[in-house]
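Worksheet: the structure to be examined is printed underneath.
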Amino acid sequence: MSFAFSPENLGKIEKLRSRYPSPKALTLPLLWLVQEQEGYIPGEAFDAIAEITTWSPMDIYKSASFYTMLRFEPAGKYHIKICRSLSCTLCGQAMLYRHLREKLGIKAGETTADGRFTIERVECLGSCGTAPAMQINDIYYEELNTLKLDTILENLP
Amino acid sequence: MSKVKITVDGRVIEADDGALLIEVLLANGVDIPHFCYHEALGPDGNCRMCMVKLQGAKRPQIACDTFVCDGMEVSLKDPEIRTTVQRILELELINHPIDCPTCDQAGECRLQDYYMEYGLYDSSFENYQKIHHAKHTDLGSNVMLDQERCVLCARCTRFTSNITKTNELGIIGRGDEAHVSTMPGKTLDNPYAMNIIDLCPVGALTSRDFRFARRVWFLGSAPSVCHGCDRGCNITIDHDRPKNGTETIYRFRPRKNERINGHFICDAGRLSYREHNENRQLQIIREGQSIGREEALEAFEQMIGSQKRIMILADANLYNEDLRAIKWYAKEIGALLFVPLESYRDESFGDDWLRSSMRAANARGVENMGINREVSGGYDIDVLINFNHPTPHMIAAGEFIEFQTHQSTNADLIFPLAMFSEYGGTLTNRDNITQDCMQAVNPSGMSLSAQEWVKLLPRRS
């Protein structure tokens, strides 16, 4: 397996480069680009980023591991991110999480065998007014309850 | 640089203006607790153990980020400081396993020492479920990682990033998930990797080689010099005689010498201690039979005869004293003496740091003594006497007398020779620095040092 930036992303990198005084500052933007391109950050990407930023691959790996939103394994087709912060907890996110777990038979951080769903518990989604909230890929679902959750999952293509 | 005076718990210490406080304290024998600071790696400021009270400062400061100025008043014994250090220690120990009874580091563990000095508190955590990490990860290069014991001081990662510049190690993740790791699918792989075992202040990194071999407080230590090449890195030989066993060397550790090796040695040198315990020549052998010393010396006298042409080869790892004795003896019996150095050259071994491609500890000593270093031209030799030179068969001779440390060459008469750990002497390294090596253990079996054999050897009648 090997990793290479797409030609489109290489163009973006050149634009980003002019923004910073040193290529070292490109670390985080490049990690985001990789995740956008591949859906996760494959091990080979560390070498590719290290080459551009002039850090060592270990420096990139260290930085990447600090951020929980960067993934090192591919997620399922539907990446369910369920909020576990204060407002959502008060409005019953624990019940939703338990329901999801039973329904899909996986825990947070796991992916179903058919590769369809990944569950992840995340910190505040910034949707406290409409708690409990979750995200499936980049789409918000708000004011959830177990019934609503079932309908949402059933209507996914 | 101008000198200033500072006061440490009432004691006046003179220091360079602007020097790092922790360095001044350590240089003056003040026992300040620290994990992350190391002389070779510099300060990192992550462990927070080196707290001191500075007169005029609002709160405790870390000594590894404080620079000395004139009239500075420092206190380590202040009750506030002791409480602060104790609390930092308590945080380090929240998830630390109680492994001391089975941990190799016990006895030379900073965490243990500091707990006895500053800790001794009742735990605030009752019924607390500790966070568990991987207990035995093989990082490669004989290094085992027990993440639960780690204090995240980053000495090991700074060694790979700043000193060897191989960048194999890093601290991955954050908070209580943080752990030392190699890149996915990669291992620790450099010829100096085992130094991180000494750098690790706790039992997180232990040597696969020394694991569970011996409790460190049983070990005796002798200062010596590595014989792996002509760099002359300073080492400590750790040895012990187990109950009902024979004297054994358990490990070599680097010994600080700023002029030569700093704080480190290479892994090849470190593991060369094994040679002292394995496959040693213990008896005097003639035609496959073990014989006594008197009989052997008589046989020796007959073999060298009165008219025979004799050549002596000597090992370039022998001490200066041995070489001097052999040189004297060669002259005494009218023998040719050679120490061919080409046999020791190994270009694949050398690098631009500590490893040198001349793999003979006393090559420079041989040169200084003016001994012939190459065998040129053909010699018609009746008897060859070899003092442990590795390639005696380059000389064709009628009879062959061997003084050897290891069972390697077959000869008409074999005398056992002591290894460098078994007696003391001096070595001259490539930079012409002559250093002492101390005796660590007693000579094994019937072996004697080359100088002692020479004293016993008969002259020609």
Side-chain angles (χ1 to χ4, degrees), chain A residues 1-4 22-28 30-32 34-35 37-75 81 84-86 107-111 119-124, chain B residues 36 41-42 44-47 129 131-134 137-141 143 145 147 150-193 195-196 199-200 204-205:
Chain A
M1 227 176 66
S2 66
F3 169 83
S22 151
K24 290 190 151 115
L26 285 169
T27 309
L28 288 180
L30 291 191
L31 283 166
W32 272 120
V34 174
Q35 180 143 315
Q37 185 182 312
E38 303 286 320
Y40 71 109
I41 299 171
E44 294 77 14
F46 297 128
D47 298 306
I49 297 176
E51 203 171 301
I52 297 172
T53 55
T54 70
W55 289 106
S56 75
M58 183 41 102
D59 292 320
I60 307 296
Y61 182 36
K62 284 196 290 195
S63 317
S65 77
F66 185 85
Y67 297 99
T68 50
M69 286 171 80
L70 297 175
R71 300 181 58 82
F72 300 120
E73 283 138 40
K81 289 166 248 182
R84 64 166 176 194
S85 281
L86 181 63
K107 290 201 294 264
E110 294 176 354
T111 304
I119 311 179
E120 196 181 341
R121 303 180 84 184
V122 296
E123 297 308 332
C124 192
Chain B
C36 69
L41 301 168
D44 200 46
N46 70 51
C47 77
Q129 207 64 38
I131 307 271
H132 290 292
H133 280 284
T137 312
D138 187 352
L139 292 180
S141 297
V143 181
L145 168 68
Q147 186 54 46
C150 178
V151 293
L152 298 170
C153 68
R155 279 189 187 182
C156 53
T157 68
R158 284 183 287 148
F159 179 77
T160 58
S161 63
N162 303 351
I163 297 197
T164 60
K165 306 222 184 327
T166 44
N167 292 303
E168 292 113 327
L169 294 177
I171 292 175
I172 300 303
R174 59 168 142 131
D176 52 24
E177 293 289 309
H179 61 280
V180 173
S181 171
T182 50
M183 292 291 288
K186 301 255 174 68
T187 57
L188 182 64
D189 182 21
N190 74 65
Y192 297 95
N195 286 304
I196 64 174
L199 285 174
C200 184
L205 298 172

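By convention in this document, chain letters (A, B, ...) are assigned in the order of the sequence lines, proteins followed by strands, and residues within each chain are numbered from 1. All values below were derived from every heavy atom in this structure, side-chain atoms included, with hydrogens, water molecules and symmetry-related copies excluded.
Neither the backbone nor the side chain of A:F72 comes within contact range of chain B; no heavy atoms are under 4.5 Å apart.
When the candidates B:I171, B:L169, B:I172 are compared by the number of heavy-atom contacts under 4.5 Å with chain A, B:I172 comes out ahead.
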Inter-chain polar pairs, chain A versus chain B: which donor-acceptor atoms lie under 3.5 Å apart?
residue, atom, partner, partner atom, Å
A:S65, OG, B:G173, N, 2.7
A:F66, O, B:R174, NE, 2.6
A:F66, O, B:R174, NH2, 3.1

